[in-house]
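Since the structure comes first, as structure tokens, the remarks are kept for the end.
Letters go in sequence order (proteins before strands), and every chain restarts at 1.
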There are 2 protein chains.
Amino acid sequence: MRKESSTNAFNEKQINDSCGMAYSLSVLGGRWKPAILCRLMHQTMRYSDLKNSIDQISERMLVSQLRELEADLVVKRTVYPVVPPRVEYELTELGLSMRPMLKAMSDWGNMHRSKVNPEADVVVSEF
Amino acid sequence: MRKESSTNAFNEKQINDSCGMAYSLSVLGGRWKPAILCRLMHQTMRYSDLKNSIDQISERMLVSQLRELEADLVVKRTVYPVVPPRVEYELTELGLSMRPMLKAMSDWGNMHRSKVNPEADVVVSEF
DNA sequence: CAGCATCCTAGCAGATACTG
DNA sequence: CAGTATCTGCTAGGATGCTG
């Protein structure tokens, strides 16, 4: 059993049709995880690349979110024993398998924005 | 512009490929929203039905999550002026359009569970 | 370069009691 | 039946400083 977060609607009593969703949310629902996953979906990146490409994220958050994604087996961390250190992050097979889900979420999100806020720019992502 | 939550990775500086996802998460990412949406996906329900079918949820949470879903235009609230009061909740067209996204999340979540925790029961939902 | 350790706080969410 | 109102605790997440 995965660690039980109090913000996770998944529990034994409620092992019904929402448990799969709750599980997905626990994996990609963190503050910066969507941003990280979107970037790794396109390419392998090293720590500093991620940090520079995700504006405003702090070291603490980047590391903690990456560690959680790693624990959930969607991200793989590779350390190259060189000086200066070089650490690369990439999606695992399981991580890559999130693509359809991520695309569905991105698509619906963009559509939703145009409904609630029609004058918003329409930005379409290409997964 | 929609209300800016500090837990929402969507902001003007970062209006790139993760904004759609962040938007979706802000709509369905609440503590009990997956459970509510799954139930309303199948049928219209009144307040007490929702409360009874979602084990452990408090009045406060049920109401607040429903109000948020309403504000996001995915749930419609209908009050029948009778005694005792009768209030029904149902998905809007926009809410129903979440089905593919919800299914993708449910499917991936169930698959993910079986990878991380192979001995977990496999519960497949039918959206 | 790629991180860890600490401290701190806003706001999400639980518990409990009350009402049109 | 279908909600409010209030209090309170917890923890995700931010700021800052330090290190192999």
CD1 of A:Ile54 versus P of D:dG14: gap in Å, rounded? 12 Å
Side-chain donor/acceptor of A:Thr44 to backbone N/O of A:Leu40, under 3.5 Å: no
Within 6.0 angstrom of A:Lys76 NZ, more than 12 heavy atoms from elsewhere: no
Could you state the atom-to-atom distance from CG of A:Asp55 to P of D:dG14 in whole Å? 13 Å
Identified side chain to side chain donor-acceptor pair (under 3.5 Å) counterpart of B:Tyr47 within the set B:Glu59, B:Arg77, B:Glu88, B:Arg86: B:Glu59
Nearest 0.5 Å, what's the CG-CE distance between A:Leu91 and A:Met41? 5.5 Å
Whole-Å distance between C:dC1 P and A:Leu50 CG? 14 Å
Provide, to the nearest angstrom, the distance between the CG atom belonging to A:Leu62 and the C1' atom belonging to D:dA15. 16 Å
For A:Trp32 and D:dG13, what is the distance between atoms CH2 and P respectively, to the nearest whole Å? 10 Å
Rounded distance in Å - CD (A:Gln65) to P (C:dC4): 14 Å
A:Asn52 CG - C:dG3 P separation (whole Å): 14 Å
What one-letter contact string describes nucleotides 1-8 of chain D from 5' to 3', where B marks a base within less than 4.0 Å of any protein heavy atom, S marks contact via sugar-phosphate atoms alone, and - marks no contact? BSBB-B--
Spell out, as yes or no, whether a donor-acceptor pair under 3.5 Å connects the side chain of B:Ser106 to the backbone of B:Leu102. no
Let me know the distance between OH of A:Tyr80 and P of C:dG3, rounded to the nearest Å. 13 Å
Please name the pair of heavy atoms, one in B:Leu94 and one in A:Trp108, separated by the smallest distance, quoted to 0.1 Å. O-NE1, 3.7 Å
